[in-house]
There are 2 protein chains.
Amino acid sequence: MADELVLDKELAVHGASLSDQLVAVLQRRVISGEVPIGAWLRHEALAEEFGVSRTPVREALRILADQGFVSIVPNRGARVNGLSGHDIREIGQVRGELEGLAAALACDRINDDQTKRMTQSWDAFRESLDESQDVQTERWMRANDEFHSVILEAAGNHHLTLTIGVLRRRLPHNISFATYAGNSRLIKKNLAEHEAIAKAILEQDHELARRLMSEHIRNSNEAIAHWVDKNAAQAP
Amino acid sequence: MADELVLDKELAVHGASLSDQLVAVLQRRVISGEVPIGAWLRHEALAEEFGVSRTPVREALRILADQGFVSIVPNRGARVNGLSGHDIREIGQVRGELEGLAAALACDRINDDQTKRMTQSWDAFRESLDESQDVQTERWMRANDEFHSVILEAAGNHHLTLTIGVLRRRLPHNISFATYAGNSRLIKKNLAEHEAIAKAILEQDHELARRLMSEHIRNSNEAIAHWVDKNAAQAP
DNA sequence: TGAACCGGGATTGGATGCAAGTGCGGTAAA
DNA sequence: TTTACCGCACTTGCATCCAATCCCGGTTCA
């Protein structure tokens, strides 16, 4: 019962099946870095923690494996996957391309509400510079997400959104967090790039918006990849 | 036992878990159009057919649902998904962008072996024009796959390959087949586009290769989308 | 005649049971 | 002391089992 409370508290969607809910929770845990790279996820432990049987846990782990979050070692269990700097650069190249497309599409399709949210996110961005380090990074990351989400929404291509979602989920948040935390030089650079992108979109300069966005994503992933390479103290 | 024979014959990988093997088989069936859009996939029937219990079938269906092949209706089962013309155009835009990137990358990275395979595929392409309609389309589709696969391989970005794979799998083969079958005008157009792309890659004209490939994919998906819109006799 | 209602059959969702596989620690031998 | 081996505990993989849900038919009532 206490377990079910934990489940209720942590789960967003109630109507979905247990496995779907578990997928969401475990994704969050991996992306947030709450469970470290290389950790084993055990059926029994998770089942007990969430007050369910091993069956939905197994299903969830298989889906996570299919999504690349964990690797299933036969008869051994599911282990959380890590990424190399090389992986991160590759992902940056792919995602940069797609977010560039989104920015170009957004030029023609963005509406007033979205414009407002885009510029607002970037105000929040600015304000976050005055906060303490962790709060700053936290707020910045939210503003960053909002900025990209609005543009994606404005682009109005469902499959594009889906595909970028897949790529976003490949990169655990805590790595980006660790890269940007307390590095206000990087954050300011990001801010400047966002402003330039927003400007290009509002001026409906398709090619500029595309190029700037594309570079922006690649720059960002390059910084993260660099951090990962430096701090390559990953679990074996 | 007879059932297990069927399983063995149809399954490629033997070491993998039953659910993984089932995922592969069912993906093939959906992509090939062997099971029609809107059809229900039943646990019991599949379990019996493959001589396994319902548990691995359930796991496989959940993974297929996560990949978008089927939709799981709570307490009702898994139903094979179809795509609208709009979906196909959206996918074309996304995939065009990424294959364009692949072509641009391939300019610098393609090696002799890959060059040979690329031009060979396009010879096979040409030869297929002399065959009977179905054989022609069949051979053409294989040549087409080979052409794109080689370029992707030459691009040398693993995550790009993964991502395009996801997009490819979203579009059942039988729809493309139906679109191109017996339409040698379309096939010839495709051939011409392939030749132009190959030429651009070999001349290391990054921007041209990118643009041609991108347009090529969008054209192709446009033709398919058009066919789907015309023949919108899809299951309800 | 038509709409609301109810029960049975089919089907899924989740829990539990059991055999098979794996790694680790302890022990014995070199 | 080091290395090879063996057995045990742990974990997974799959099968089976039970309850909850849903649809579809027939039936009843307005």
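Order of the sequence lines sets the chain letters (A, B, ...), proteins ahead of strands, with each chain counted from 1.
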*Interatomic distance, Leu18(A) CG vs dA20(D) C1' [rounded to whole Å]*: 13 Å
*Below 4.0 angstrom from OP1 or OP2 of dA15(D), is there any side-chain N or O of Ser53(B)?*
yes
*Could you tell me the separation between the CZ atom of Arg42(A) and the CH2 atom of Trp40(A), rounded to the nearest 0.5 Å?*
6.5 Å
*Would you mind reading off the distance between Glu59(A) atom CD and dC14(D) atom C1', rounded to a whole angstrom?*
13 Å
*Does the side chain of Ser214(B) pick up a donor-acceptor pair with the side chain of Arg218(B) at under 3.5 Å?*
yes
*Going by distance alone, is a donor N or O of one side chain under 3.5 Å from an acceptor N or O of the other, for Thr55(A) and Arg58(B)?*
no
*asked:* As an exercise, state the distance from CG of Asn157(B) to CZ of Arg109(B), rounded to the nearest 0.5 Å.
replied: 7.0 Å
*Distance, rounded to the nearest Å, where Leu46(B) contributes CG and dT12(C) contributes C1'*: 13 Å
_Nearest to the Asn75(B) side chain among dA15(C), dA15(D), dT21(D), which nucleotide is it?_
dT21(D)
*Starting from P on dG13(D), measure out to CG on Leu61(A) and report it in whole angstrom.*
9 Å
*Donor-acceptor pair under 3.5 Å: do we get one between Arg54(A)'s side chain and the base of dG13(D)?*
yes
*Kindly indicate whether the side chain of Leu83(A), heavy atoms from C-beta on, has any atom under 4.5 Å from the side chain of Ile91(A).*
yes
*Taking the side chain of Ile72(B) as heavy atoms from C-beta outward, which of dG13(C), dA15(D), dG13(D) is closest to it?*
dG13(C)
*Parallel, tilted or perpendicular: ring planes of His194(A) versus His148(A), cut at 30 and 60 degrees*: perpendicular
_Nucleotide dT16(C), atom P - distance to NE2 of His43(A) in whole Å_ = 16 Å
*asked:* Quick check: on DNA chain C, is the nucleotide nearest Pro56(A) upstream (toward 5') of the one nearest Arg76(A), or the reverse? Name the residue that is more 5'.
replied: Pro56(A)
*Using the test side chain to side chain donor-acceptor pair (under 3.5 Å), find all partners of Asp108(A) that sit at least two apart in sequence or belong to another chain.*
His206(A)
*Under 4.0 angstrom, heavy atoms only, what part of the nucleic acid is Leu41(A) near: base, sugar-phosphate, or nothing?*
sugar-phosphate
*Rounded to whole angstroms, how far apart are CZ on Phe50(A) and P on dA15(C)?*
13 Å
*Separation of dG13(C) P from Leu22(A) CG (nearest whole Å)*: 14 Å
*NA contact type, Arg58(B), heavy-atom cut-off 4.0 Å: base, sugar-phosphate, or nothing?*
base
Nucleotides 5-9 of chain C: which of its N/O atoms have a protein N/O under 3.5 Å away?
none

_Rounded distance (Å) that lies between atom P of dT22(C) and atom CZ of Arg42(A)_ = 14 Å
